[in-house]
Amino acid sequence: MKKFILLTSLCLSFALIIFSCSRKSAAALASKKQAAHVAMYESSVKPLIAAKCSPCHLPAEGGKKKPFDNYDSVKAVSADIVRRIELNPGEKGFMPFKKSKLSAEEIAVFKKWVAEEVK
Ligand code: HEC
């Protein structure tokens, strides 16, 4: 009986250790993904916004439309950005406003970034 109790508590402790380890690594993975998402914003999305959504969405450039000047402000409307850049010039809501449509490669950059968002 003693052996049985010992064995059971041993098993339970192992299960607890494994459980807490897997939770920790899931959290670590999520923060790694988050860091990668921020890095992709800095390296690919930010330059694209500076080139194509300026000056209207950049207050520093005198833009008066919704600001897209940091990670959070762009992430907050990311789905709407993708929807709008996939429209065609002349369609209601098309962006960049009164300019030509982004190239397929540029649209793909936004879509990839949105797809890798950490919820
Ligand atoms: C020439 C100015 C101009 C440029 C360049 C421009 N926009 Fe806009 N943007 C506007 C105006 C005006 C509005 C408000 C009208 C509307 O909502 O359609 C707007 C609104 C938006 C909104 C909705 C914001 C909200 O209030 O929720 C999004 C999203 C957006 N633009 C994305 C973009 C993206 C992405 C680019 C670059 C690829 C871009 N825009 C480039 C003028 C511009």
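Counting convention: from 1, in listed order, for ligands and their atoms alike. The analysis underlying the following values was restricted to heavy atoms, covering all of them including side chains, and did not include hydrogens, waters or symmetry mates.
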Review point. Out of A51, G93, A50, C53, whose heavy atom is nearest to atom 38 (C) of ligand 1?
Key: C53
Exercise for review: For K66, counting its heavy atoms only, list the atoms of ligand 1 lying under 4.0 Å from any of them.
Suggested key: 24 (C), 25 (C), 26 (O), 27 (O)
Study note, to complete from the structure: Shortest non-hydrogen pair, K99 vs S54, comes out as NZ-O, 3.4 Å
Review point. With side chains defined as the heavy atoms from C-beta onward, is the minimum distance between P59 and D69 less than 4.5 Å?
Key: yes
Point to revise | Within-cut-off N or O pair, K65 and ligand 1, under 3.5 Å | key: no
**Study point:** Enumerated ligand 1 atoms positioned under 4.0 Å from heavy atoms of D80
**Key:** 23 (C), 29 (C)
Point to revise | Joint cluster assignment, V77 & V74, ILVMFWY side-chain distance < 4.5 Å | key: yes
Revision key, fill the gap. Atom 42 (C) of ligand 1 sits nearest the protein heavy atom F97 CB, 3.5 Å
Check your understanding: Taking the inter-plane angle between the rings of W113 and Y41 on a 0 to 90° scale, is it parallel (under 30°), tilted (30 to 60°) or perpendicular (over 60°)?
Key -> tilted
**Study point:** For ligand 1, the portion of H57 having any non-hydrogen atom under 4.0 Å away
**Key:** side chain
Exercise for review: Specify side chain, backbone, both or neither for F110, according to which of its non-hydrogen atoms lie closer than 4.0 Å to ligand 1.
Suggested key: neither
Practice item. Determine, for K101 against E86, whether the closest basic-nitrogen to carboxylate-oxygen distance falls under 4.0 angstrom. Key: no
Practice item. Mind checking whether K92 contacts ligand 1 via backbone (N, CA, C, O), side chain (CB onward), both or neither, at a 4.0 Å heavy-atom cut-off? Key: neither
Point to revise | Inter-residue atom distance H37.NE2 - E116.CD, 0.5 Å rounding | key: 6.5 Å
Exercise for review: Write out the residue and atom name of the closest protein heavy atom to atom 35 (C) of ligand 1, then the distance separating them to 0.1 Å.
Suggested key: I81 CG2, 3.5 Å
Point to revise | Protein contact to atom 4 (C) of ligand 1 [nearest heavy atom, distance to 0.1 Å] | key: C56 SG, 3.3 Å
Practice item. Evaluate the side-chain proximity of P96 to L102: yes if any heavy-atom separation is below 4.5 Å, no if none is. Key: yes
Practice item. Using atom types as modelled and distance alone, determine if a side-chain donor or acceptor of R84 lies under 3.5 Å from a backbone N or O of G93. Key: yes
Point to revise | Shortest protein heavy-atom distance from atom 17 (O) of ligand 1, along with the residue and atom involved | key: R84 NH2, 3.1 Å
Point to revise | Which residue and heavy atom of the protein sit nearest atom 19 (C) of ligand 1, plus the separation | key: M95 CE, 3.0 Å
